[in-house]
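Everything below concerns the one structure shown next.
Just so it is clear, the model here is predicted, and its values are computed rather than measured.
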Amino acid sequence: MNDGNIKRGHQIYWLFVIPFIAVLFAPLFNYKEPSLGGIPFFYWYQLAWIPVSVFITYFIYRREG
Amino acid sequence: MAASIFVILFAGTIAVGFLSARWKQTSLASLSEWSLAGRSIGPWISWFLVGGDLYTAYTFIAIPALLFSAGALGFYAIPYTIVCYPLLFLILPKLWQVAQKHGYVTGPEYVRGRFGNRWLALAIGITGIVATMPYIALQLVGTQVIFGALGFTFGWNLPIVISFLLLAGFSCFAGLRASALISIIKGVLIFATVLVAIVVIPMHLGGYAGFFAKVDPSKLLLPAATAANWGQFSAYGTLALGSAIALFLYPHALTGLLSAASANVIKRNAMTLPAFTLLLGFVALLGFMALAAGVAHDPAFAEGFRQYGASFAVPAIIMASFPSWFVGVAFAAIAIGALVPASIMAIGSANIIVRDVWTMFAPWRSEASEATAAKVFAALMVVAGLLFMILIPMKDVVNFQLLGGIWISQTFPALALSLFWRRAFTGWGLFVGWLVGVVSGTWMVISLGFAGSVFSVHVFGVTIPSYIALVALVLNIVVSFVLTPFLRTVDKGSDETADADYEQVRHVPSTVPGTPGLRPAL
């Protein structure tokens, strides 16, 4: 019925590409510094992506359709 | 002290498993009631159930063990369990919808309905069962390490044999309801244990900064890659991506998710289950804490490390850091952690046996006889896992599990891609793709002498070490796609599903007053 809306509904899912790149592409985070409370960047960066990716999913969940 | 607390918690949990048949009592004489709890599991219990199902006891032992022995590469489990959730969010609600509409209890059943090709369904089904067998055995291995640490090793592994025979009993008797109730105990115990462990253990080691400083710096990062050889960089990313793709194709994952009360429950799980990933992230760091504490050089643990290798790192650091009573609680959390996935693995495999293998040869006379057969097969799967663990050396079980992961990944086009590209594949094209994936993946593992799961792919003079499952899956998808136009005219498989089955059911009414057109008309 409404092509524009259906298309927009699908485009939102491209946001899922962000966490894939952020945590699968090791050159982005294979560093020791900046460390956080003694935890090397490699570890706290990836742990920090857990809540960030949840937020992205939630954003998509609210907007999809 | 540790032993008695352990026995009380562990035995109590098994008792709950048997009693759970009475929970929300209905007739368990139908397959979907016994194995999917009548597709009635709401968001809260589903979170415990699926979390307890996916984050197995073996994970909690093996991932820290990998950091302990191999260093940073072992942390791939975190990107793995981050990117699996977008996949869950996109794929599983669709599969749930189609399965619910047509009464499918297993993944292969969907494939048969979708492509009208029972040989493809059989191939997917057998892949699932074969991949699950060593996975159940690994849960036993995880429990064995714990039993070993507690000194329960007398008489031919009798304690572990009895525990898993009881597991077979309640899985057979109460089905998924038992797994669901036990998963609540598992969730509470494992979260409590890990929260205490990640606060208390670093206090003995000078805080997080303290134990990271004590770990060999070469273990803290991936070795640098070069332009000509991507080394562990590509291995890390492909291991995480390939494992994430494989995760929801396993029969136990599908069983756990198809039991959800709605597609929306699955979407909410995709946002709440990452709490388990956070937990796993800190559990993984226990491997480094064990290194920093030097438990490997403690004569008290020499025998454990000799027998179980790096897998003993978690039990050792727990025993080195806590009073006896808490050791009992922590070990119970891990051992109960094995019961949940093991029971769902047995149930999921049994479903495939009765729905996709047996029916190839003879139909079931009634719903009740089908359910009874599934119960017997579930018990037999646990017994098979036990035999696997007793007869096959642990190293070979791990190798077999490695192959299982590669094989199960090859069901991705049939089980997942077919939900999105409704006309891109034919049944026989997928079958040939599956065969190419399984054979090439197996060949790559053999060519490495079972020494690992990362194969060096050479592209334009660049060496890209990649997870074998993903390499084989690329070949599989290419073959399936390329064959489609050639097979389209001869492959007469019928599709019993309709386009409408796959369309998204709206979960939130998002009608904004006064702005007509924002809501897509259906």
Using the rule given for ring pair (Phe, Tyr, Trp, His ring centres under 6.0 Å), can you reason through Y43(A) versus Y208(B), listing the C-alpha separation, both sets of side-chain angles and the distance that settles it, and then say yes or no? CA-CA 11 Å; Y43(A) 299 92; Y208(B) 277 80; over 10 Å; no
Contacting moiety of [X], where chain A heavy atoms sit under 4.5 Å:
X       : value
L220(B) : both
F276(B) : neither
L90(B)  : side chain
A284(B) : neither
L285(B) : side chain
F233(B) : both

Calculate, to the nearest 0.5 Å, the distance between atoms CD and OG1 belonging to Q46(A) and T277(B) respectively. 12.0 Å
Hey, could you give me the OH/CZ distance between Y61(A) and R268(B), rounded to the nearest 0.5 Å? 6.0 Å
[Y] side chain reached by [X] side chain, heavy atoms, under 4.5 Å:
X      : Y       : answer
W49(A) : I78(B)  : no
L87(B) : F20(A)  : yes
F75(B) : L47(A)  : yes
P40(A) : F212(B) : yes

At their closest point, which heavy atom of [X] faces which heavy atom of [Y], and how far apart are they?
X      : Y       : answer
T57(A) : M271(B) : CG2-CG, 3.6 Å
I82(B) : V23(A)  : CD1-CG1, 4.0 Å
P79(B) : L24(A)  : CB-CD2, 4.2 Å

Check: Y31(A) side chain, L221(B) main-chain N or O, donor-acceptor pair, under 3.5 Å: no
Exceeds 12 heavy-atom contacts within 6.0 angstrom, atom CH2 of W47(B): yes
If you draw a 6.0 Å radius around CZ in F41(A), do more than 12 non-hydrogen atoms from other residues or ligands fall strictly inside? yes
Are the aromatic ring centres of F89(B) and Y58(A) under 6.0 angstrom apart? no
Top residue by heavy-atom pair count (under 4.5 Å) with chain B, among S53(A), P19(A), S35(A), A26(A)? A26(A)
